[in-house]
Amino acid sequence: MRTATLGPEQRAQALADMAERELDVLVVGGGVVGAGTALDAVTRGLATGIVEARDWASGTSSRSSKLIHGGLRYLEMLDFALVREALKERGLLLERLAPHLVKPVPFLYPLQHRVWERAYAGSGVALYDAMSLARGHGRGLPGHRHLGRRHALRVAPCLRKDALTGALQYYDAQVDDARYVMTLVRTAVDYGARAANRARVTGFLREGERVVGATVEDVEAGGTYEIRAKQVVNASGVWTDDTQGLVGERGQFHVRASKGIHLVVPRDRINSSTGLILRTEKSVLFVIPWGRHWIVGTTDTEWDLDKAHPAASSADIDYLLDHVNSVLAVPLTRDDVQGVYAGLRPLLAGESDATSKLSREHTVAHPVPGLVVVAGGKYTTYRVMAKDAVDEVVHGLDQRVAECVTEETPLLGAEGYPARWNARARTAARSGLHVVRIEHLLNRYGSLADEILDLVAADPGLGQPLTGADDYLRAEVVYAASHEGARHLDDVLTRRTRISIETFDRGTRSAREAAELMAPVLGWDAAQVDREVEHYEKRVEAERESQRQPDDLTADAARLGAPDIAPLA
């Protein structure tokens, strides 16, 4: 089976190809919306390119709550259209587009009042399930159920007995957000798109008032490319206003950033067979199963400091610990926290000063001829945002263009996944790996797991776990650099794997071995390996220092103490 790769040779060729001939569409921004837009455009038959200033999903799209959900709390806001749309997308992802990456996850909602709350919350969850079924894409998930206190405590023994009178249990879904985005990009490339990360747009090309392309700087190898396109899509998320400023025109809308932080704790610290959803005074708090870990989040506060590296302060961490400990029989402490990450949500600026009340709807605009801007929205509905953006592109093209087909276009790794899952025991016996390892690979790569196994067959040493991160094989590090567009050690430890938040040392024990595995693929010498490891260790220390600071301002200053990427020789 032929699959597209995002290796160093393909990246260099993609930049050269984009500069050589005019594209129909150039997408700026390599988050989930930008990647989805590239896939939508190329599968309509358009000549498509996509560039990202840093790494794929390095912004918001790798720092979410990792949920694919309809947004239960939006029902309370009476935003039925958004919930209906998101539930349809959830079903498509689970059943058709990415069953290898998107998985069902149960949640328990503790009730604190005996009669009215069960009726109120129960009717909301019942409506949630009914709306999912009505769209024809919810039959793969169990329905909700009402639990008494005794039953709820059997399901989640971690809860304090006085913290609930009963509970509701329902299902949503989760995803490794960064892996999903990278797979979107690879799928777009498989259909003919050109893609380059570490390629920063420094300006737009103009002919009169019309945008006809962009000037792109190769952050890795140096050099500047002029990439011409009939239409450019600005899908840069929280950087929308900054990118818009390069055109020299005022945008039709503005995007504000809301910071959300998450804590990662070991699975044995919270004794539960289900995730939890808790009310706070501002929003909701999730405790989400995540392999051998739990993710606890999130906060929702305005952020107007550095967008590339939003910092979690000590106050943020205390806020989450205080709220989750209000219902736990055995409280969590700072010592239980393995990892912390902070991300920014791009919200359309509205009338309210509270970011938690700003719209999660998305907007598409054509502020000047040749430039389309898409912003807002939520991760789950990225495909709808991409479709709307490309529909707007089509209006500016003087040609007939096919309708959107992404509803019927599975991502790489989806085809054949169920059959390979059923045959996982045979695959384990044939490869010499434990069946648990095969399950891990299938849930990260789907049918592309065969490519990992080919690496192991060629070099059995790659079938060993990575030092300091037993969940991952050494082959996965090599594959990240050769096939998945990883350009730096940070890309592998933070986004291709989740070692940076899943280990107490935050990946520092794994860093040198991982860099040495990447070196032959990326052409690094020993000095560059040293630089990569040094950069990563400085990044980890800067993050730790930021998390000791009392507020956003001091946390931001501490986080900026580490450089952005390791300089190339």
Side-chain angles (χ1 to χ4, degrees), residues 60 62-67 69 71-73 76 107-110 112 156 158-160 162-164 238 256-266 269-270 272 275-290 293-307 309-347 352-358 360 378 500-501 504 506 542-559:
T60 303
S62 62
R63 307 178 191 184
S64 72
S65 295
K66 316 202 185 310
L67 291 177
H69 63 130
L72 188 58
R73 71 187 179 104
E76 195 170 31
F107 284 101
L108 193 77
Y109 176 69
Q112 297 179 319
C158 60
L159 295 173
R160 282 182 15 219
D162 62 353
L164 71 164
V238 294
R256 285 171 58 183
S258 166
K259 184 180 73 168
I261 82 146
H262 296 79
L263 311 180
V264 182
V265 300
R269 302 305 198 271
I270 300 177
S272 178
L276 305 173
I277 177 173
L278 311 170
R279 272 194 174 280
T280 70
E281 68 276 9
K282 296 179 181 177
S283 184
V284 294
L285 183 73
F286 287 100
V287 180
I288 306 162
W290 181 254
H293 316 273
W294 297 97
I295 294 175
V296 180
T298 180
T299 59
D300 195 349
T301 56
E302 187 167 2
W303 179 265
D304 58 6
L305 300 169
D306 181 67
K307 294 186 181 77
H309 304 294
S313 69
S314 180
D316 292 327
I317 296 170
D318 287 342
Y319 173 88
L320 289 181
L321 289 176
D322 288 347
H323 278 80
V324 74
N325 284 339
S326 69
V327 300
L328 294 182
V330 180
L332 297 174
T333 69
R334 288 288 187 108
D335 291 339
D336 295 317
V337 176
Q338 277 182 304
V340 181
Y341 65 93
L344 300 178
R345 304 177 192 88
L347 303 179
S352 172
D353 287 335
T355 57
S356 60
K357 293 191 170 90
L358 291 182
R360 296 310 300 274
K378 55 202 293 284
S500 67
I501 58 172
F504 279 108
R506 305 202 180 175
E543 286 187 346
R544 288 187 186 277
E545 182 60 29
S546 72
Q547 292 154 19
R548 291 189 280 263
Q549 302 307 309
D551 54 40
D552 282 353
L553 200 61
T554 52
D556 179 65
R559 176 60 186 88

Heavy-atom side-chain contact between Asp322 and Ser326 under 4.5 Å: no

Heavy-atom closest contact (Val238 atom, Ala257 atom, distance): CG1-CB, 4.2 Å

From CA spacing to verdict: side chain to side chain donor-acceptor pair (under 3.5 Å), Ser313, Arg559: CA-CA 10 Å; Ser313 69; Arg559 176 60 186 88; over 6 Å; no

Closest non-hydrogen atom pair between Ser65 and Tyr341, with its separation: CA-OH, 4.3 Å

Short N-O contact, Arg256 and Asp304, less than 4.0 angstrom: no

Spatial distance of atom CD1 (Ile501) from atom CD1 (Ile295) [nearest 0.5 Å]: 5.5 Å

Option passing side chain to side chain contact (heavy atoms under 4.5 Å, CB included) with Val327 (candidates Leu285, Val287, Leu278): Leu278

Closest non-hydrogen atom pair between Arg269 and Leu332, with its separation: CB-CD2, 3.8 Å

Residue pair Ala558 / Gln549: nearest heavy atoms and the distance that separates them: CB-CG, 4.1 Å

Nearest-0.5 Å distance that lies between atom NE2 in His262 and atom OG in Ser64: 6.5 Å

Which atom of Ile270 lies closest to which atom of Trp294, heavy atoms considered: O-NE1, 3.2 Å

Pair Arg63, Thr298: side-chain N/O donor-acceptor within cut-off below 3.5 Å: no

N-O pairing of Asp552 and Lys259 below 4.0 Å: yes

Pairwise distance CG(Asp316) to CD1(Ile261) - rounded to 0.5 angstrom: 4.5 Å

